[in-house]
2 protein chains.
Amino acid sequence: MADVAERAGVSVSTVSRTLRGLSNVSPDVRARVEKAARALNFAVSRHASSLVTGRTGVVAALVPTLDSWFMGSALSALGPLLRAADLELTVYVTPDLAERAAFFERLPARRNADALLVFCFDLTDEESARLDDLGMPVVYVSQHADGRPSVYVDDGAAARAGTRHLLNLGHRRIAFMQSAGATGFSFSSHERLLGHRRALTEAGVPLDDSLVVAAPAADRRAVAEALGELLGLREPPTAVFAEQDELAVSLIWTLRRSRIEVPERMSVLGFDDQPVAELFDLTTVAQSPADMGREAGELVLSLITDPDADPARHVLLPTRLIPRGSTAPAIGEETD
Amino acid sequence: MADVAERAGVSVSTVSRTLRGLSNVSPDVRARVEKAARALNFAVSRHASSLVTGRTGVVAALVPTLDSWFMGSALSALGPLLRAADLELTVYVTPDLAERAAFFERLPARRNADALLVFCFDLTDEESARLDDLGMPVVYVSQHADGRPSVYVDDGAAARAGTRHLLNLGHRRIAFMQSAGATGFSFSSHERLLGHRRALTEAGVPLDDSLVVAAPAADRRAVAEALGELLGLREPPTAVFAEQDELAVSLIWTLRRSRIEVPERMSVLGFDDQPVAELFDLTTVAQSPADMGREAGELVLSLITDPDADPARHVLLPTRLIPRGSTAPAIGEETD
DNA sequence: ATGAAAGCGCTAACAA
DNA sequence: TTGTTAGCGCTTTCAT
C-alpha cells in the first residue's frame with residue numbers, strides 16, 4: 001500500500017480511504033490512486049485490515065463433507081450472497097469423528113472468521129456449548145437449535161406427510177429405511193422416523209420395529225440385506241419409505257434386480273428430491289438445500305452487519321410431496 | 001495472547017513459541033502456558049501471524065460451482081490433506097462469467113492465500129496470464145496447463161478408448177453428445193470430442209458433423225430434441241457417446257420414454273463413472289476426481305513448503321473403461 | 001480533503 | 001530457556 005501511495009503521490013491513509021470507497025476523497029486523487037493500484041497489481045491484505053478492524057471478512061462453514069447433493073447445493077447457493085457482501089467462505093471439512101474432534105479441539109474458526117455456519121447435523125450438546133462461546137454468530141443449517149439462529153425444514157412433519165401419502169394409497173405395512181453410518185445425519189433421520197411413526201399411529205396402524213431397517217445408500221449389499229430382512233417377515237411391507245433419495249434409488253435398483261416391480265409389488269418413497277429422483281421416477285418429499293443455503297447466508301449477513309438482529313431467528317422452510325411413479329395403491333386398493 | 005502470557009506468568013514470545021510447538025520451551029512452562037491458553041479459550045489469530053510470517057495458512061480454490069459430483073469429490077478429498085498440514089481452504093465460487101470476471105478483476109486471493117487451485121476448465125489465456133502474476137503457486141486441476149503445475153487425465157485418450165469400445169462392438173454410426181452451456185467444462189469437452197474423432201478416423205469411419213449434438217444434462221427437453229435430431233438423420237446412429245454420465249443418464253431416460261431399448265436399439269456410453277452410472281448400468285469411462293483432489297493437494301503442499309519443488313510438475317491420472325450393460329454389439333454384429 | 005502517528009496481535013531477531 | 005524490541009500492512013483517530 002505504501003508503494004501505491006508513493007506512486008500516486010499521496011499518503012497511505014488516502015490510499016486506504018480510496019480503496020475502501022470512502023466518500024471524502026477528491027475525484028482527482030481517487031483516479032490517481034486507482035490507477036496506481038491497478039498498475040502495481042495491488043490487492044489489500046485482508047489479514048492486515050482485519051487486524052485493526054477486528055472483522056475478518058470471512059464466513060466459516062463446518063461441513064461433514066462436500067461430496068453430497070445437500071452440501072453442494074447449499075454451499076453453491078451461498079456463494080453469490082457472500083461474494084456480494086465481499087465475504088470469503090472458508091470450509092472446514094470433517095468427514096469423520098476424529099476430524100470433527102480436531103476441529104472442536106482447536107476451534108480454528110475462532111478469531112479467524114466473522115461467523116460460522118454449522119452443517120453438521122448431529123452435534124453433541126457439549127459441542128454446541130463450545131460454539132456458543134465462540135464469540136461470533138453461529139448459524140445452524142438443516143437443524144433446529146434451541147435459542148440459536150437456525151434454518152431448517154420440519155423433518156418430522158415432512159416425513160409424516162410422506163407416510164400419509166402411503167397410507168392414503170392403502171398401504172398398511174410400511175417399512176422405514178434409514179441410511180446407516182452416515183455420520184452427521186442422525187438429527188434429521190431421527191425426526192423423520194418420528195414423523196413416520198406419528199403418521200402411522202394417527203392412522204391406527206400398529207408400530208412394528210421389524211419394519212425399520214438401516215443401510216448405507218452406497219452399500220448395495222447392505223441395502224439388499226435390509227431388503228431381504230423386510231421380505232423375510234411373516235407379513236412383508238408393501239411400501240418402503242427411504243429417508244433419502246439416494247437410499248430410495250439404491251433400493252429401487254435392488255428391487256429391480258430381484259424382479260420385484262416398483263410400484264406394482266412395492267411402493268418406494270424417497271426424501272430430498274435430488275435430480276436422480278426424477279430419473280428414477282421416484283415419489284419423494286422435496287426439500288431445497290439451495291434455499292437453505294440462501295436463507296442461511298442472509299441470516300449470517302444480518303447477524304454480522306446488524307448488531308441488534310434477532311440472535312435466535314429461526315427460518316422454517318417448506319417441503320412438499322412430489323408424486324411420481326414409484327408409489328401406487330396397495331394391492332387390492334382403490335386410488336385415494 | 002498477552003492475557004495468556006500474563007496468566008501463565010511468562011512473556012508473549014514464550015507463549016508464541018509454546019503454541020507453535022517450538023522445541024526450546026521447558027516442559028514446565030509449556031504446561032503452564034497450555035493450561036492458561038485452554039482456560040482462556042485462546043486461539044491464535046492467523047491473521048496477525050500471517051502479517052509477520054508472510055504465510056497466510058490458507059489455500060484458495062477457484063471453482064465454477066460446488067454443486068457437482070466432480071467438485072464435491074475433489075474438494076472432499078482435498079480437505080483432510082489440508083487439515084493435516086494445518087491449512088485452511090477458502091473457496092471462490094464463480095458460477096457464471098460475471099462472477100468469474102469479478103474474481104479476476106479483484107483477484108482477492110492475492111496476498112490472502114499461499115496457493116491457488118484452479119478448477120475452472122476454460123480459462124482464457126489472459127486469465128491464466130493474470131494468475132501467473134499472482135505471486136503464489138497456482139495448480140490447475142483437470143486441465144493440462146503448459147509450464148504450470150497441473151493434475152489431469154488425458155481426456156483425449158480416454159475418449160478415444162471409449163469410442164474404440166463402441167467401434168469394437170461393431171458400431172459405425174456413433175453420435176457424440178456434448179453438455180451444452182456448462183460453463184467451465186469446455187476444455188475437457190473439446191479434448192474428448194477430439195479423441196472421439198481420432199478413434200473414428202483411425203478406424204476409417206468418416207466424420208459426420210450431424211452426429212455431434214449438444215444439450216445440458218439437466219434440460220430434459222433439450223436432450224429430447226438432440227436425440228430427435230439424431231433419430232431424424234437419414235442414417236441414425238446406433239450408439240451415442242455422451243461426454244458426461246449425467247448427460248448419458250438423461251439420455252437413457254429419454255430413450256426409455258421413447259421406447260427405444262438400451263442397449264438393444266441404442267448403445268449409450270458415458271464418461272466419469274459417477275455413482276448414478278452404476279444405477280443405470282451405464283458403460284462409462286471412469287475418472288477419479290477424488291484422486292485428482294488428493295494429487296492436487298499434495299502438489300500444492302509441496303509447492304508451498306518446498307521452495308525448489310518443480311514449479312511445472314504434471315500429474316497425469318489414469319482413466320479406464322467400465323463395461324456395463326448400456327452398450328452392446330451393433331445390430332447384426334458379433335461381440336468383439 | 002489529506003497526512004502523521006499510533007497500534008491491532010503476532011513473530012523474529014537479538015540479548016540476556 | 002526466556003524476555004525485549006521492532007516491525008508485518010493496514011485502519012483510525014487527530015491534526016491540519
Side-chain angles (χ1 to χ4, degrees), chain A residues 1-37 40-58 86 88 106-114 134-136, chain B residues 1-37 40-58 86 88 106-114 134-136:
Chain A
M1 188 174 264
D3 297 346
V4 178
E6 188 176 7
R7 185 171 180 124
V10 295
S11 72
V12 281
S13 329
T14 305
V15 175
S16 174
R17 279 190 280 258
T18 307
L19 264 27
R20 275 176 302 144
L22 299 192
S23 52
N24 41 357
V25 176
S26 72
D28 168 44
V29 171
R30 168 167 305 258
R32 288 217 313 279
V33 169
E34 270 160 4
K35 190 171 152 223
L40 293 172
N41 210 327
F42 176 82
V44 174
S45 159
R46 288 186 117 91
H47 298 277
S49 310
S50 77
L51 200 51
V52 24
T53 60
R55 290 193 39 182
T56 63
V58 353
D86 201 29
E88 295 186 343
R106 317 215 12 245
L107 283 185
R110 158 175 289 272
R111 310 229 279 149
N112 295 303
D114 296 336
L134 216 45
M136 66 173 87
Chain B
M1 187 173 264
D3 297 345
V4 178
E6 188 177 8
R7 185 170 180 127
V10 295
S11 72
V12 281
S13 334
T14 304
V15 175
S16 174
R17 279 190 281 256
T18 307
L19 263 27
R20 277 177 300 147
L22 299 191
S23 51
N24 43 359
V25 176
S26 72
D28 169 43
V29 171
R30 166 166 307 252
R32 288 217 313 278
V33 169
E34 269 161 5
K35 190 171 151 221
L40 293 172
N41 210 326
F42 176 82
V44 174
S45 159
R46 287 185 117 92
H47 297 276
S49 310
S50 77
L51 200 52
V52 24
T53 60
R55 290 193 39 182
T56 64
V58 353
D86 201 29
E88 296 186 344
R106 317 214 13 243
L107 283 185
R110 161 174 288 272
R111 310 230 279 148
N112 295 302
D114 295 336
L134 216 45
M136 66 173 86

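Numbers restart at 1 for each chain; the letters A, B, ... are given by sequence-line order, proteins then strands.
No side-chain heavy atom of A/Glu88 sits under 4.5 Å from any side-chain heavy atom of B/Val58. When side chains are defined from C-beta on, A/Asp114 does not count as touching A/Met136, because their heavy atoms never get closer than 4.5 Å. Between A/Leu40 and A/Glu6 there is no side-chain heavy-atom pair separated by less than 4.5 Å.
For A/Arg20, there are no salt bridge (charged side-chain N to carboxylate O under 4.0 Å, His left out) partners at least two apart in sequence or on another chain. Looking at residues two or more places apart in sequence or on another chain, you find a side-chain hydrogen bond (donor to acceptor under 3.5 Å, both in side chains) between B/Thr14 and B/Ser11. For A/Arg32, the salt bridge (charged side-chain N to carboxylate O under 4.0 Å, His left out) criterion is met by A/Asp28, not counting sequence neighbours.
For residues 24-37 of chain A, proximity to DNA chain C is found at A/Asn24, A/Val25, A/Ser26, A/Val29, defined as any non-hydrogen atom under 4.0 angstrom from a strand atom.
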Side chain to side chain contact (heavy atoms under 4.5 Å, CB included) between B/Phe42 and A/Arg110, worked out: CA-CA 8 Å; B/Phe42 176 82; A/Arg110 158 175 289 272; over 6 Å; no
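For the pair B/Ser49 and B/Gly9, both in contact range of DNA chain D, the more 5′-proximal nearest nucleotide belongs to B/Gly9.
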Please enumerate all protein N or O atoms sitting under 3.5 Å from an N or O of nucleotides 4-8 of chain C, with distances to 0.1 Å.
from  : atom 1 : to      : atom 2 : distance (Å)
C/dA4 : N7     : A/Ser13 : OG     : 3.4
C/dA4 : N6     : A/Ser13 : OG     : 2.8

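If you run side chain to side chain contact (heavy atoms under 4.5 Å, CB included) between A/Val10 and each of A/Val4, A/Val29, A/Val25, only A/Val29 comes through.
Atom pair B/Phe42:CZ and C/dG9:C1' shows a separation of 8 Å (rounding to whole Å applied). If you take CD of A/Glu6 and C1' of C/dG3, they are 15 Å apart, rounded to a whole angstrom.
Of all non-hydrogen atoms in B/Thr56 and B/Ser50, the two that sit nearest each other are CA-CB, 3.6 Å. Taking every heavy atom of both residues into account, B/Ala43 and A/Arg111 meet most closely at O-NE, 3.1 Å.
If you walk DNA chain D from 5' to 3' and mark each nucleotide with an atom closer than 4.0 Å to a heavy atom of chain B, the marks span D/dT1 to D/dC10.
Here A/Arg20 lies in heavy-atom contact (under 4.0 Å) with a base.
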